[in-house]
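Before any comments, here is the structure.
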Amino acid sequence: MSAHTRGTWTVRPDGGIDTDGDAVRIVTVVQPGAIGWAPDAKLIAAAPELFQALDELLAEFDLCNEQGYPDTFGIELARAAIAKAEGKP
């Protein structure tokens, strides 16, 4: 797993995304009051959970794939997304 900021990320009313608990600011998506920022902010805030879920699913797929079947297109997309998140080519 990559070294991103751990924990649940929460969208704040000012467009910021903070960690829960210690309230470390991860990013500010837009200027306060800008229209249309909420969907992007929610997607960014979900990134840690999405990363973990995809990483776990790929681990389970690899464990269950005893026959050595080639990756499907969806599995290839998942592996590429994890690699991108980890800064790998």
Side-chain angles (χ1 to χ4, degrees):
M1 192 167 214
S2 67
H4 68 272
T5 302
R6 302 283 184 232
T8 302
W9 297 359
T10 303
V11 178
R12 303 291 179 207
D14 67 353
I17 298 173
D18 299 344
T19 60
D20 283 350
D22 55 5
V24 173
R25 178 62 46 114
I26 302 296
V27 67
T28 299
V29 178
V30 295
Q31 294 295 324
I35 297 173
W37 61 268
D40 291 336
K42 290 174 184 176
L43 179 61
I44 293 167
E49 289 93 344
L50 291 169
F51 180 92
Q52 181 181 5
L54 198 54
D55 196 44
E56 291 293 328
L57 283 170
L58 287 174
E60 289 175 14
F61 173 82
D62 291 339
L63 184 64
C64 294
N65 188 11
E66 295 175 2
Q67 302 300 320
Y69 293 114
D71 288 352
T72 63
F73 181 66
I75 296 295
E76 289 176 1
L77 287 175
R79 291 192 197 287
I82 292 289
K84 182 177 181 179
E86 292 178 333
K88 297 177 183 174

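These numbers come from the heavy atoms of this one structure, side chains and all, not from hydrogens, waters or symmetry mates. Here the structure is a predicted model, which means the values were calculated and not measured.
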| Which value, rounded to the nearest 0.5 Å, describes the distance between Thr10 atom OG1 and Ile26 atom CD1? |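 Answer rounded to 0.5 Å: 10.0 Å.
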Closest non-hydrogen atom pair between [X] and [Y], with its separation:
{"X": "Asp55", "Y": "Ile82", "result": "N-CD1, 3.9 Å"}
{"X": "Ala81", "Y": "Leu54", "result": "CB-CD2, 4.0 Å"}
{"X": "Trp37", "Y": "Arg12", "result": "CH2-O, 3.5 Å"}
{"X": "Ala83", "Y": "Pro89", "result": "CB-O, 4.2 Å"}

| Listed partners of Lys84 passing side-chain hydrogen bond (donor to acceptor under 3.5 Å, both in side chains), at least two apart | none
Show the atom names and distances, to 0.1 Å, of all donor-acceptor pairs under 3.5 Å that link a side chain in residues 42-49 to residues at least two apart or in another chain.
none

Show the atom names and distances, to 0.1 Å, of all donor-acceptor pairs under 3.5 Å that link a side chain in residues 70-77 to residues at least two apart or in another chain.
unit_1 : atom_1 : unit_2 : atom_2 : d
Asp71  : OD2    : Arg79  : NE     : 2.6
Thr72  : OG1    : Ile75  : N      : 3.3

| Same cluster (ILVMFWY, side-chain, under 4.5 Å), Leu57 and Leu50 | no
| field | Thr19 side chain vs Trp9 backbone, donor-acceptor pair below 3.5 Å | value | no
